[in-house]
Amino acid sequence: MAYEFGAIEPKWQKRWEEAGSFHVESDDAKPKFYCLEMFPYPSGALHMGHLRNYSIGDLTARFLRMNGYNVMYSTGFDSFGMPAENAAIKMKTHPAKWTLRNIDHMTAQFKSMGCSYDWRRTVKTCLPDYYRWNQWFFLQMLKKGLAYRKHAPVNWCETCGTVLANEQVIGDGVCWRCGTPVVKKGLDQWFLRITDYAQELLDCIDGLDGWPERVLTMQKNWIGKSLGVRFNIEIALTDLSIEAFTTRIDTIFGITFVAIAAEHPIVNELAERSAPEKRDEILDFARRMSNRSAIERTAVGGDKMGLDTGFKAINPANGGLVPIWIADYILMDYGTGAIMGVPAHDQRDFDFVRKYGLGMIPVVRREGEPIPDPESMTSAADADGIACNSGRFDGLPTPEAIERIGEWFEEKGWGTRETQYRLRDWLISRQRYWGTPIPVVYCDHCGIVPIPEDQLPVELPMDAVIPENGGNALLNCPDWIDTACPRCGARARRETDTMDTFFCSSWYFFRYLSPGSGEAPFRPEDARYWMPVDLYIGGIEHACLHLIYARFFTKVISDLGLVPPDVREPFTGLLTQGMVIKDGAKMSKSLGNVVDLDEIIRKYGADTARLFILFASPPDKSLDWSDKGVEGANRFLGRVHRLVEENMASLLASPRRRAAMSELQDDGKRDLKRLIHSTIDRVTRDIRDERQFNTAVARLMELCNGLASFKPRDDTDRAIHREGVESLLLCLSPFCPHICEELWEMLGSEEWLAVSRWPEADPDALKADCVTIVLQINGKLREQFRMTPGLSREELSNRVMAMDETRARLEGLEVVKIISVPDKLVNVVTKK
RNA sequence: GCCGAGGUGGCGGAAUGGCAGACGCAGCGGACUCAAAAUCCGCCGUGGGCGACCACGUGGGGGUUCGAGUCCCCCCCUCGGCACCA
């Protein structure tokens, strides 16, 4: 009987499901482990990236279950978002219909992979039963002042017809989903005050030992903390002033101009105070600059554009007058939107000044060197040095000058030292239909009024028709928009913006813990038992998106008192899996190098697919898909199948009592027993400690090869052989659960592998009977000897030096030194 | 420019400072077969030698060490992230 994966796999999937083998409940008697995977967006079908993600997750869950852990393991669907709307237009259907059909298909795919989820805990974020809690969280944040609405220059994607969060503008200023260059628009939008948590998000990074270093650095860069001084600059001959921020207050005496962003509110004030012609010039320039796309604006080293406003600023440090310019390289949404221009010590200011012929004053010199001549400078001197041209601060090294001038500014009341972050508040409103409605109304009398909690959910109207031009379908639902104000009862208008889908994915892992909970998003006692997530598996592309949002949400949830105060971080461990590559490129429909999961499973089975993807590469590195490699994995499973089938009679006839190592005399028996236990030992460590699944598979292949070439001759042989086969099946089962269950059953075992105990390596069987000792002469390998292990340094070198081969090798050479490493080698150093 | 991860056979990849290339893929040779597929056995870094063996070999150049893919310094290349952030 050949290896019939097509029959075996559905058989076991059905059995596990019917028996509820993977249902899990809190149990204080067992250690818990929360294994979490990034849940998929229901785009239509699982792809190879999913196969990799979920193979790693299922392996981990099964392995830990077998090791006595109570394992939380579920999945769900992140099912709101743009693609559903686009598909709805294209296929002339409704986003809900399209989404739910995809979910059905993908659920079947999950099952065909053999994933050991507790399906009772699954979530679909597009259903009211889930998104009502998005609304509930939003209201809590609104109450705490963490959610707010403001007018701001925001990122707008024309193709998606909506605004985007800062984190969703990627690369050189394009939309994360469709790649369209993003433009800035001034709009009223909803934000979450994630910046309130900037410092804590940064501080907690040090405690995230289980995260890859690179994700932590990416997050640190993203949060981007800098210490500096915010200070006031008065505008001469007016009652106006501007605030500026700098990290280099030590260069304050080097200011030769002040620059402000085109969107800075002061621009209008200055324009109004100008002569009509100048006014038009200023307003026109400001408008032109702010209408440019993010790509144009942020091109590094791009030509800087500026306009002199004609006004003068007063340098607080020395009373000097400098011109005020509008400059395109000043960003309104960082710092204060205005800077002090110090061209001698800032490259951007340097470039600007060289273009527009403004002056330059060096105020820092290199130690031991004279003050540089501005004329001969070819670039800004931004390195630390010694203050000069700076009055009484002359002679101070840069760090000290920063400190002293900062103190001086605070004493004089000119400014305050403060911390700036690159991180911006999270813009969560989207001008889209397929998302969670933001639960507020606009009332002419009461203003913005939150929907009372007992009226949640605010359901998305299902009869909306998605406009062909891609606009927000909610705008075409007058019956839905038109409502009564919950406060005064007058006619009011519903908010038609919906929430960013990243809102949904920021807390779904809490919902798994309390499926169906109607009173709260989750039950605190469930979170107390299960949180935090012990291992989170997913792609690195979420390093500065979902993984920051989820950390923020967890801190908010903790501050709301829904989890114990010590749970400040959601994910203790993080495994960022590498991409799946084919023919040198990421799999994509446009390149036509996509491999279909259903087809792979039909042709080779899920066990083969899982085995290949776990074997081909370590989990965090990118993986080359190879059709030949898949066949190799399939071939290996065929060998395992034959190993059991062809030895069935002998395996069934073997005595149930296992022989201890000490009872075995014969070398063949001892070697096999040692192979079995060293395999168990290595595989256990590879999975548990190193997460090197590829080498674990290699070890299992070696064991299989060893078992296949072993021919049992007596009962002791048969017992060892059976022990080996059982160990192989136990250790292989988290990788390839179906075939292992099948063969395990054929061996007459009563308990399923899914609920069996992981084997333990017998320390007695790990000890070697003899070791290979290498003779090196001057570090080069010359001879090998078999010797008993555990010899002392002296004993080992004496024995090796006494060997005939050694003496022959050393003839005519003068021995200078002998290095002896027990159980390893002897290195003889000779004179040339 | 800054930060991070890498660079090992034809390929994917192994190697607590101690036998480089485990395991697999591809390839070559053989067995079985009328034949093919499947399967099984053997070979498989480069150069030299009939051979036991010898020399060279982990991006390049130095260094530490009895001994370096592994540690230190300099350089080159690839990939990823951030970047007019004051």
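In this model, a side-chain donor or acceptor of A:Gln776 finds a partner on the base of B:rG18 within 3.5 Å. Interface remark: the A:Lys621 side chain does not form any donor-acceptor pair with the B:rU78 base, using a distance-only criterion of under 3.5 Å.
For the C1' atoms, the distance from B:rA83 to B:rC3 is 11 Å, rounded to whole Å. Taking atom P on both nucleotides, B:rA22 is separated from B:rC76 by 34 Å, rounded to a whole Å.
Spacing between atom CG of A:Leu728 and atom P of B:rC23 amounts to 16 Å, rounded to whole angstrom units. For the pair A:Glu541 CD and B:rA5 P, the computed distance is 19 Å after rounding to whole Å. Atom-to-atom, NZ of A:Lys225 to P of B:rC2 comes out at 23 Å; the value is rounded to the nearest Å. Going from atom CG of A:Leu227 over to atom P of B:rA86 covers 11 Å, rounded to whole Å. Separating the CZ atom of A:Phe693 from the P atom of B:rG12 is a distance of 22 Å, rounded to the nearest angstrom. In this structure, the CZ atom of A:Arg793 is 13 Å from the C1' atom of B:rC66, given to the nearest Å. Atom C1' of nucleotide B:rU78 and atom CD1 of A:Ile581 are separated by 13 Å, given to the nearest angstrom. Atom CZ of A:Phe257 is separated from atom P of B:rA86 by 15 Å (rounded to the nearest Å).
For B:rC40, one of the phosphate oxygens OP1 or OP2 lies less than 4.0 angstrom from a side-chain nitrogen or oxygen of A:Arg642. Side-chain nitrogen and oxygen atoms of A:Asn694 include none within less than 4.0 Å of the OP1 or OP2 phosphate oxygen of B:rG24. Note on A:Lys780: a side-chain N or O is less than 4.0 Å away from OP1 or OP2 of B:rC56. In terms of phosphate contacts, A:Ser226 brings a side-chain nitrogen or oxygen within less than 4.0 Å of OP1 or OP2 of B:rA86. Listed pair A:Arg682 / B:rA22 fails the phosphate criterion, with no side-chain N or O lying under 4.0 Å from OP1 or OP2.
Base pairing of B:rG27: its partner is B:rC43, meeting the Watson-Crick or G-U wobble criterion (both donor-acceptor distances under 3.5 Å). With a 3.5 Å ceiling on both atom-pair distances, B:rG57 lacks any Watson-Crick or G-U wobble partner. Pairing partner, B:rA38: none, since no Watson-Crick or wobble contact has both distances short of 3.5 Å. Pairing for B:rG1 goes to B:rC82, judged as Watson-Crick or G-U wobble with the two contacts each under 3.5 Å. Nucleotide B:rG51 is matched to nothing when pairs are restricted to Watson-Crick or G-U wobble geometry with both distances under 3.5 angstrom. Pairing for B:rA20 is absent, judged as Watson-Crick or G-U wobble with the two contacts each under 3.5 Å.
Distances from the side chain of A:Asn827 to the nucleotides B:rG12, B:rC19, B:rC66 place B:rC66 closest. The side chain of A:Gln784 has B:rC19 as its nearest neighbour among B:rC84, B:rC19, B:rA22. Candidate nucleotides B:rC84, B:rA22, B:rC82 were compared by shortest atom distance to the side chain of A:Trp222, and B:rC82 ranks first. The side chain of A:Ile330 lies closest to B:rA86 when the candidates are B:rG24, B:rA22, B:rA86. When distances are taken from the side chain of A:Gln692 to each of B:rA14, B:rA86, B:rC19, the shortest belongs to B:rA14. With B:rC66, B:rG24, B:rC19 as the candidates, the nucleotide lying closest to the side chain of A:Lys817 is B:rC66. The side chain of A:Pro618 approaches B:rG13 more closely than any other nucleotide in the set B:rG18, B:rC19, B:rG13. In the set B:rC54, B:rC23, B:rA86, B:rC54 carries the atom at the smallest distance from any side-chain atom of A:Arg809. Among the nucleotides B:rG24, B:rA26, B:rA14, the one closest to the side chain of A:Arg635 is B:rA26. Listed nucleotides B:rA86, B:rG67, B:rA14 differ in distance to A:Thr246; the shortest reach to its side chain belongs to B:rA86.
Residue contacts shown for A:Phe636 are absent, as no nucleic acid heavy atom lies under 4.0 Å away. At the heavy-atom level, A:Val821 lies under 4.0 Å from base atoms of the strands shown. Backbone-only contact: A:Lys628 has heavy atoms under 4.0 Å from sugar-phosphate atoms and none from a base. Nucleic acid contact class of A:Asn705 (heavy atoms, under 4.0 Å, all strands): sugar-phosphate only. Here A:Arg699 lies in heavy-atom contact (under 4.0 Å) with a base. Using a 4.0 Å heavy-atom distance criterion, A:Gly224 is classed as making no nucleic acid contact. Within 4.0 Å of A:Ser626, counting heavy atoms only, lies no atom of the nucleic acid at all.
Here the two rings, on A:Trp222 and A:Tyr421, have centers that are 6.0 Å apart or farther. Taking the six-membered ring where the residue is Trp, the centroids of A:Phe231 and A:Trp414 are separated by 6.0 Å or more. Ring-centre distance between A:Tyr329 and A:Phe352: below the 6.0 Å cut-off.
B:rG9: glycosidic angle within 90° of 0, hence syn.
Electrostatic pairing of A:Lys355 and A:Asp351 does not count as a salt bridge here, judged by no charged N lying under 4.0 Å from a carboxylate O.
At least one donor-acceptor pair closer than 3.5 Å links the side chain of A:Tyr356 to the backbone N or O of A:Gly306. Between the A:Glu795 side chain and the A:Ser792 main chain, no donor and acceptor come within less than 3.5 Å of each other. The closest donor-acceptor contact from the side chain of A:Arg610 to the backbone of A:Phe735 lies under 3.5 Å.
Under the 30°/60° scheme for interplanar angles, the aromatic rings of A:Tyr549 and A:Trp426 are found to lie parallel.
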